Amino acid sequence: MSVSLKVNLLGKEMAGPVVGASGTFGFGKEYAGMVDLKKLGGISGKGITLIPKAGNQGERLLETPSGLINSIGLQNPGVQHFIDHELPVMETLGTTIWANLGGGCIEDYEKGAELLNPTSVDFVELNISCPNVKQGGIAYGIKAESAKEVVSRVRAVCKKPLIVKLSPQAEDICQMAAACVEAGADALSLVNTFQACAIDLEKRRPVFNNIFAGLSGPAIKPIALRMVYQVCGAVNVPVIGLGGILTGADALEFIMAGATAVQVGTANFMNPRACETITDEIAAWMEAHGVETLDEIRGCARV
Amino acid sequence: MSVSLKVNLLGKEMAGPVVGASGTFGFGKEYAGMVDLKKLGGISGKGITLIPKAGNQGERLLETPSGLINSIGLQNPGVQHFIDHELPVMETLGTTIWANLGGGCIEDYEKGAELLNPTSVDFVELNISCPNVKQGGIAYGIKAESAKEVVSRVRAVCKKPLIVKLSPQAEDICQMAAACVEAGADALSLVNTFQACAIDLEKRRPVFNNIFAGLSGPAIKPIALRMVYQVCGAVNVPVIGLGGILTGADALEFIMAGATAVQVGTANFMNPRACETITDEIAAWMEAHGVETLDEIRGCARV
Amino acid sequence: MPVIACDVKVLEHQRLTDTIRLMTVSWPRRDKAPKAGQFFMLRCWPADVAPVLSRPISVHSYDPELATLDFLYEVRGKGTEKLAALVPGDTLSLVGPAGNGFNVAEAAGKRVALVGGGIGTAPLYQLAKELCEAGTKADYFCGFRDEPYGMDRFTQVCGKVQLATDSGRFGFHGFVTQLLKPEEYDLVLCCGPEPMMRAVAKLCDAVGTRCIVSLERKMACGIGACLGCTCHTETGGRCVCKEGPVFDSKEVFGA
Amino acid sequence: MPVIACDVKVLEHQRLTDTIRLMTVSWPRRDKAPKAGQFFMLRCWPADVAPVLSRPISVHSYDPELATLDFLYEVRGKGTEKLAALVPGDTLSLVGPAGNGFNVAEAAGKRVALVGGGIGTAPLYQLAKELCEAGTKADYFCGFRDEPYGMDRFTQVCGKVQLATDSGRFGFHGFVTQLLKPEEYDLVLCCGPEPMMRAVAKLCDAVGTRCIVSLERKMACGIGACLGCTCHTETGGRCVCKEGPVFDSKEVFGA
Ligand SMILES: Cc1cc2nc3c(=O)[nH]c(=O)nc-3n(C[C@H](O)[C@H](O)[C@H](O)COP(=O)(O)OP(=O)(O)OC[C@H]3O[C@@H](n4cnc5c(N)ncnc54)[C@H](O)[C@@H]3O)c2cc1C
Ligand SMILES: Cc1cc2nc3c(=O)[nH]c(=O)nc-3n(C[C@H](O)[C@H](O)[C@H](O)COP(=O)(O)OP(=O)(O)OC[C@H]3O[C@@H](n4cnc5c(N)ncnc54)[C@H](O)[C@@H]3O)c2cc1C
Ligand SMILES: Cc1cc2nc3c(=O)[nH]c(=O)nc-3n(C[C@H](O)[C@H](O)[C@H](O)COP(=O)(O)O)c2cc1C
Ligand SMILES: Cc1cc2nc3c(=O)[nH]c(=O)nc-3n(C[C@H](O)[C@H](O)[C@H](O)COP(=O)(O)O)c2cc1C
Ligand code: FES
Ligand code: FES
């Protein structure tokens, strides 16, 4: 039997359903010596903003049971630097390029999107869900109306396929999803990290300078999968599912819930070859179960 | 140094800060051969409803990374049966008695609370947050206005100290907390389980008949702690923190975030002596750090 | 009588087949002597290590003189794999004895058949022993997929011993249900895969023989505290870990 | 040159003190020869087992002829405890060689002091070896809380070797900073606890001696992909795992 892992996302063909998640996969080249990047569906680069950001002070990482809390705070060299220095390398990696665009104010989102228009970027993934920055992060990810505003403004200037990345913090994830689609999102990706907290008993203060930071990893998978299941039922655009995926079986759960593709984040730190391993495991499962294409099983678990 | 673990909750003295969480601790007697129940702050019995409930069909339990998904669905023998058959035994256990009251419609909540008025129950813990029942569960736990209605109606008839148990699904946990206090809650407990999903790859359908079920255990602790931290800043009533507590250190994080007491649920399945072990670990930490009473450290990590 | 939590020592650990192990542990609590059909929640990994839940395993044999317990178990997944790695001298945490167990007094003096399928034979050995001590030698019918295990022990405490295998490599080629003639017995006590127990119950029903079954459910607490193990019946839910795992087949499968 | 992921075999594992271990593993990839100051991300537990993150450990020694790597490490918590349980023949997963490493070419021919504090001495041995090969015998100053370890190796590849301990049980009673006279050197290369490195940098600054330090940060990826290890400096963030861990002290501590 010949298994095809190909996925067509908004008219672009991807070699497989697994995309490296933003913030965990650098700009791709870091993994080139470990992962056969051509097998991946794509790489979502580290979140970029119009104005470069230094990121957060203080602790940035904390391990939790089956999870990881991070407080990177969108440290990045800015959109223009990305275009000049990172993108040319990404172009050589043989997979689709996702520019994960964060913002400060709406104008910054707009300008960032405009800068990306003439580039080789395949998808713009609009990050309205970073819990680690005060402005332009989670602020837009909670209330559907705020999201709608930023998405429609970016949509108006963005000539690339526009994927909006949702926060699990949204008041109502289905309403949020519908609002983003109404505002012009071509696809949705979810979830970003969950706002979380940890306290340092010895210092008797929060571990993170911002008090709260973002939880990711296998711990959150059951909640992420629930949200993806719900959103796939609420909108008619492709949904990219993520949150805690560590195995091919995890990825297949998201696909059976209706996801077009998946992203893999924290798992890259648990196994640097995770994106490839997961891709191979999906293929092996399909082989063993006589499934030739992902279309045969996408959404099959929906009741 | 002499350490005191005593906690005064709404005028009642509890021997320690650790309370067995509803649904994981039976009605207490099940653990009597394993745990020195007199060391506990209290026992929150299995959720009861006016009308007995058979609970959910199909799978009820699923292990996840550092977590547990359950779909019990409030199986219980009804409030009157609780009063007649379980309460007399609970009275002999030497700790405070929390009646975890679920409901169908608001009238059922009211009638249940009325039945509990003349009993020996120390606290009524109003469960407006069960994700496993369609009616009277999570429905009231999402929107602050719905919660406000049910809480104020119960408050009007309930003569016991009234603790409202919040869902992490609330649209805005601080607003929700404030609404419940405004409606007359004497204290708040949070969090209940997170709505989650799992898919059975072989059957190609959701594991649980209700599609979604409730995630608990150490996996959720960082999110639960964040919500407790937020709620402690949003209201002026005692907050009982729970969600994933497995160690004394976990419990101390909640207390340093401002919690008056904590509850321990899933950990009882990981170590049947968990409530006592955690209590002892808290005492050992206090001893080692020269902390004589929990009042000295409660909320100390708030910035 | 509330269950207790106890750390015990592994005394012996034998590999009976590729996947079947027989583990002997100390059980110093003579005041908490387990009986046939009861089980323990086993754990040999820290609270914060996967799997989250402890694993229920039946009492295969209890020796009150040596104060030892035997567990006969099949290595299926993460939990039993961790058990299988134990070596003599290691510590195992037990919660139990849990569950109702078989009613041996009721069975004594009757014509009794024990019917086991695969690892479902585990609790039947202690049951056969207790029946034997009560003066009743039960007949033992067992079915395995291919390779049988643990059978020799039964011959000493049972009457007739009959074996069926799906593969036909050992004993009768077919299902154990083809060997059993329930009309020859007053009582059939059964443990195995649920479809097999349902088939046995049906055969018994047809001739009016009482059939007792021991159910399996996923369990979180094992002591009646979580309601995760409920078996739905026509007359309401039954808590398998506490009201069971042993039930009249009519109660749980209907008549 | 992108880092690689490689499963290697543990060849030897020695206990030097209660908490210090020296582990030798095979490193078959001669084309990816690690150099002094570089490190690897180590993991010997499955992806789904705690701790979530792999652990960064420096190259203590690389032997290109035997194709072996030594790690000198201190058992601190969960991760290093798991490493400590490895026995010869076990498999260890490595990601690396990561980081920039020391600039040996620049140091060669100069008057060089190596200053190590506790387990911070780990990367200095490979550095001393490489300097020695380049014709420069560095002086070695090391400080330990109480019991020193790994010192004998240094005598062969260094000039002067000076020891200080906080307890005074061995060598000079006091801090290693009390022994170092930075004015006698062109270059001081330093690895140890951050307060000690800051103190050394300050001494060097005062006399205009260049000071190079190797920083430690919690790391998730170890390869520049997550930005979890950033060191904030006056001129912006530095990625310790990729742009470092070796920096000019002025760059990271200010002047
Ligand atoms: C009262 C009772 C007595 C039992 N006695 C024995 C015995 O004597 N010997 C024996 O080998 N087995 C016995 N079992 C079954 C045993 O508990 C399971 O085989 C074991 O829990 C599987 O765990 P695992 O981690 O190895 O496999 P997993 O990977 O968890 O699962 C393998 C299979 O076992 C099922 N399973 C998982 N957890 C449980 C659980 N807690 N309870 C029941 N089934 C589960 C799963 O659904 C799956 O089909 C008994 C079960 C019960 C309820
Ligand atoms: C580039 C680099 C090279 C290193 N080389 C060596 C070496 O050669 N020998 C050696 O013994 N140690 C070395 N370390 C330190 C070593 O990584 C930590 O001691 C180890 O990660 C602790 O893990 P643990 O699980 O045993 O302890 P934990 O229980 O995780 O923590 C114990 C202490 O170590 C700190 N820590 C935890 N994780 C990390 C991490 N990923 N990076 C840095 N610190 C951490 C914690 O904050 C805590 O203070 C190096 C660190 C870095 C960054
Ligand atoms: C260290 C780290 C940095 C991240 N940075 C970004 C980012 O810049 N932009 C973004 O959209 N998401 C970011 N995320 C979120 C991930 O892309 C992903 O949504 C989340 O981690 C959940 O997936 P996972 O459980 O597979 O990691 C980051 C996550 C981690 C762990
Ligand atoms: C099996 C199970 C049954 C539960 N039943 C109830 C219930 O009846 N009422 C209720 O308020 N919460 C119930 N809960 C939620 C717990 O009380 C607790 O809020 C939740 O599990 C989070 O805490 P934990 O992570 O310590 O378990 C149940 C949880 C579990 C795991
Ligand atoms: S397993 Fe908890 S009630 Fe039976
Ligand atoms: S540890 Fe990931 S960038 Fe340095």
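Predicted model, so just to flag it, every value in this text is computed and none were measured. All chains are named by letter (A, B, ...) in the order of the sequence lines, taking the proteins before the strands, and each is independently numbered beginning at 1.
Residue Val52(D) touches chain A through both its backbone and its side chain, counting heavy-atom pairs closer than 4.5 Å. For a residue to count as touching a neighbouring chain, one of its non-hydrogen atoms must lie under 4.5 Å from one of that chain's; by this rule Met219(D) touches chain A with the backbone only. Both the backbone and the side chain of Ala5(D) come within contact range of chain A, each with at least one heavy atom under 4.5 Å from a heavy atom of that chain. With a 4.5 angstrom heavy-atom cutoff, Pro272(A) touches chain D only via side-chain atoms. If you measure heavy-atom distances from Thr247(A) to chain D, you find no contacts under 4.5 Å at all. The parts of Leu61(A) that come within reach of chain D are both its backbone and its side chain, each placing non-hydrogen atoms under 4.5 angstrom from that chain. Using a 4.5 Å cut-off between heavy atoms, Gln57(A) touches chain D through backbone and side chain atoms alike.
Salt-bridge annotation for Lys218(D) and Glu63(A): absent, with no side-chain N of the basic residue lying under 4.0 Å from a carboxylate O of the acidic one.
The shortest heavy-atom contact between Phe269(A) and Ala220(D) is CB-O, 3.7 Å. Across all their heavy atoms, Asn271(A) and Ala47(D) have their closest contact at CB-CB, 4.2 Å.
Counting heavy atoms of neighbouring residues, nucleotides and ligands inside a 6.0 Å radius, atom OH of Tyr149(D) exceeds 12 of them. Surrounding CD of Glu65(D) are at most 12 heavy atoms belonging to other residues, nucleotides or ligands under 6.0 Å away.
Comparing Arg273(A), Gln75(A), Glu59(A) by heavy-atom pairs within less than 4.5 Å of chain D, the highest count is held by Gln75(A). Of the listed residues (Gly23(A), Ala32(A), Pro218(A)), the one with the most heavy-atom contacts under 4.5 Å to chain D is Gly23(A). Among Ala267(A), Ala274(A), Gly67(A), the residue with the largest count of heavy-atom pairs under 4.5 Å with chain D is Gly67(A). For the set Thr230(D), Ile4(D), Asp48(D), the entry with the most heavy-atom pairs within less than 4.5 Å of chain A is Thr230(D).
Between Arg60(A) and Leu227(D), the closest side-chain pair of non-hydrogen atoms falls below 4.5 Å. Proximity of Val3(D) to Met34(A): side-chain heavy atoms (C-beta onward) are separated by under 4.5 Å at one or more points.
The distance from atom CD1 of Ile72(A) to atom SG of Cys226(D), rounded to the nearest 0.5 Å, is 5.5 Å.
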